[in-house]
Amino acid sequence: MAENVTPRVRVPDSASAGEAVLIKTLISHPMESGQRKDSQGNVIPRSIINRFTCEFNGETVIDATLEPAISTNPYFEFEALVNESGTFVFTWYDDDGSVYEERKDITVS
Amino acid sequence: MRQAKRLVGGGAVLVLLLAGAALADPDHDELIVNGEIEMIVRAPAPPHVENLDEIISGWSFRTDETQALQMDDFDNPGMLGVERALVMFDTPMGTAGQACSSCHETPEALRGVRATYPKWDEERQTVQTVEMQVNECLTERMGAEPLGYDSTEMVDMSALIASVSRGMVVDVAIDGPAQSTWEKGREMYYTRFGQLELACANCHEDNAGRMIRADHLSQGQINGFPAYRLNNAALISVHNRFRGCIRDTRAETFEVGSPEFVALELYVASRGNGLTVEGPSVRN
């Protein structure tokens with residue numbers, strides 16, 4: 001069970017229709033690869049965020065599969081075209097079954 | 001024939017070295033964090049730094065990609081530590097039932113601290129670092145256990161304390177009662193340690209800007225500490241970095257928090273008088 005997992009996102013409050021807005025997301029997570037051993041020689045079990053998705057008004061913007069080689073605190077930066085006001089929903093899926101969700105509204109004029 | 005080949009080989013190596021030196025100079029980019037905190041990354045060397053004309057922040061020696069990570073708090077992984085410390089700041093610890101905020105209210109009340117530490121403490125008759133001051137609060141005023149000098153909690157807290165002073169000019173006092181400690185630190189800076197017989201000055205003064213194998217040597221300024229090191233994927237305290245450097249000379253190192261490292265920290269901090277507080281910075 002990963003501790004202190006906190007998602008955070010940055011989405012502009014407003015945009016003009018048809019604009020590509022810059023979105024930044026980061027989730028604090030150890031991303032334990034499952035390849036390492038502790039001081040006793042036991043394998044430290046894998047514990048990573050294995051999937052990240054972003055939806056805008058129900059439409060998929062990005063759907064990424066994460067692999068064990070991705071570093072601590074995975075960071076995503078991407079652009080999304082917005083034509084109408086609405087809500088971005090960001091979801092991170094943890095190996096331990098936890099699902100972390102974050103929402104951001106954007107006003108399009 | 002063999003002789004000629006060797007000469008050709010030698011020439012090729014020389015050309016490569018020269019090319020490497022030209023590419024490796026620190027850049028002249030400007031550092032503005034969050035579009036508002038203007039940093040001084042180059043300044044005239046203070047008079048007590050005899051062998052340098054200009055002091056340059058370690059930020060200028062890093063690649064554009066690493067530099068960019070420090071220019072926006074959202075991108076700076078060191079800010080995760082600052083956020084953890086913010087929670088700790090408001091959490092009562094110890095038998096007195098007090099939190100940091102019981103006295104200091106907000107972290108911003110500690111603005112300016114990072115810029116002047118390590119500093120002479122009249123009451124204790126010694127030079128104190130920020131970490132020693134935090135532990136003094138914990139043990140003497142809050143009735144709590146001291147934090148490990150290099151523990152995650154302590155490094156997070158020192159990152160928080162540094163973050164509120166960002167953009168302020170480093171100005172540690174080297175005269176008066178702190179002078180003897182400063183001189184001890186200066187002595188250490190120029191003393192060769194370890195099987196490789198390297199002093200701090202050999203890399204960070206004589207060869208700053210050059211490559212040491214794959215590493216780009218900076219001036220070893222500590223205005224950016226604690227630093228988020230991509231190498232460790234963690235915030236690293238300045239004493240931890242000192243220990244790493246001395247270990248790399250293949251010497252037995254001093255302990256973090258030892259009087260030797262406190263003296264060295266005071267001296268190295270004073271070499272950066274004129275640069276701005278950047279902690280938590282991002283380095284490789």
Side-chain angles (χ1 to χ4, degrees), chain A residues 1-15 20-39 44 46-49 52 54 62 64 66-80 88 90 92 94 98 100 102-106, chain B residues 32-37 62-91 93 147-148 150-160 163 226-237 240 279-284:
Chain A
M1 183 81 188
E3 287 172 4
N4 292 325
V5 181
T6 315
R8 62 209 77 199
V9 295
R10 181 187 284 174
V11 177
D13 293 330
S14 60
V21 295
L22 182 69
I23 295 173
K24 294 178 173 186
T25 77
L26 183 148
I27 187 163
S28 53
H29 195 283
M31 295 294 279
E32 188 59 57
S33 69
Q35 302 286 338
R36 302 197 304 163
K37 290 175 180 172
D38 64 17
S39 52
I44 305 171
R46 176 184 131 157
S47 170
I48 68 168
I49 296 287
F52 166 68
C54 171
I62 190 170
L66 281 72
E67 303 290 353
I70 292 175
S71 301
T72 305
N73 307 331
Y75 171 88
F76 283 94
E77 181 180 317
F78 52 94
E79 290 183 339
F88 281 101
F90 305 89
W92 292 260
D94 197 310
S98 310
Y100 304 96
E102 190 81 7
R103 291 165 174 270
K104 284 282 175 193
D105 295 327
I106 186 167
Chain B
I32 301 172
V33 176
N34 300 330
E36 58 178 30
I37 309 173
R62 304 281 66 97
T63 61
D64 287 347
E65 294 82 357
T66 307
Q67 288 183 337
L69 286 172
Q70 200 188 317
M71 297 174 79
D72 186 336
D73 281 356
F74 193 94
D75 300 347
N76 182 346
M79 293 310 288
L80 295 170
V82 172
E83 285 175 26
R84 285 193 297 267
L86 266 175
V87 176
M88 207 179 358
F89 197 85
D90 290 323
T91 310
M93 292 175 273
L147 293 171
D150 200 28
S151 62
T152 308
E153 291 86 355
M154 180 63 93
V155 181
D156 287 351
M157 188 53 79
S158 91
L160 173 63
S163 71
Y228 186 89
R229 292 200 66 209
L230 301 172
N231 183 24
N232 308 72
L235 277 168
I236 299 298
S237 69
N240 186 328
S281 64
V282 183
R283 302 287 187 259
N284 53 352

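Worth knowing before you read on, the calculation uses all heavy atoms, side chains too, and leaves out hydrogens, waters and symmetry mates.
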query = Heavy-atom count around A/Asp38 CG within 6.0 Å, excluding the residue itself: above 12?
reply = yes
ask   = With only heavy atoms counted, which part of A/Ser71 is less than 4.5 Å from chain B, the side chain, the backbone, both or neither?
value = neither
inquiry  = Please report the interatomic distance CZ(B/Arg84) to OG1(A/Thr6), rounded to the nearest 0.5 Å.
reply    = 9.0 Å
key: From CA spacing to verdict: side chain to side chain contact (heavy atoms under 4.5 Å, CB included), B/Leu80, A/Arg8   = CA-CA 10 Å; B/Leu80 295 170; A/Arg8 62 209 77 199; 3.1 Å; yes
inquiry  = Contact between A/Arg10 and B/Asp72 at the side-chain level, heavy atoms closer than 4.5 Å - yes or no?
reply    = yes
request  = Please lay out, stage by stage, how A/Asn73 and B/Tyr228 fare under the test side chain to side chain contact (heavy atoms under 4.5 Å, CB included).
outcome  = CA-CA 13 Å; A/Asn73 307 331; B/Tyr228 186 89; 4.1 Å; yes
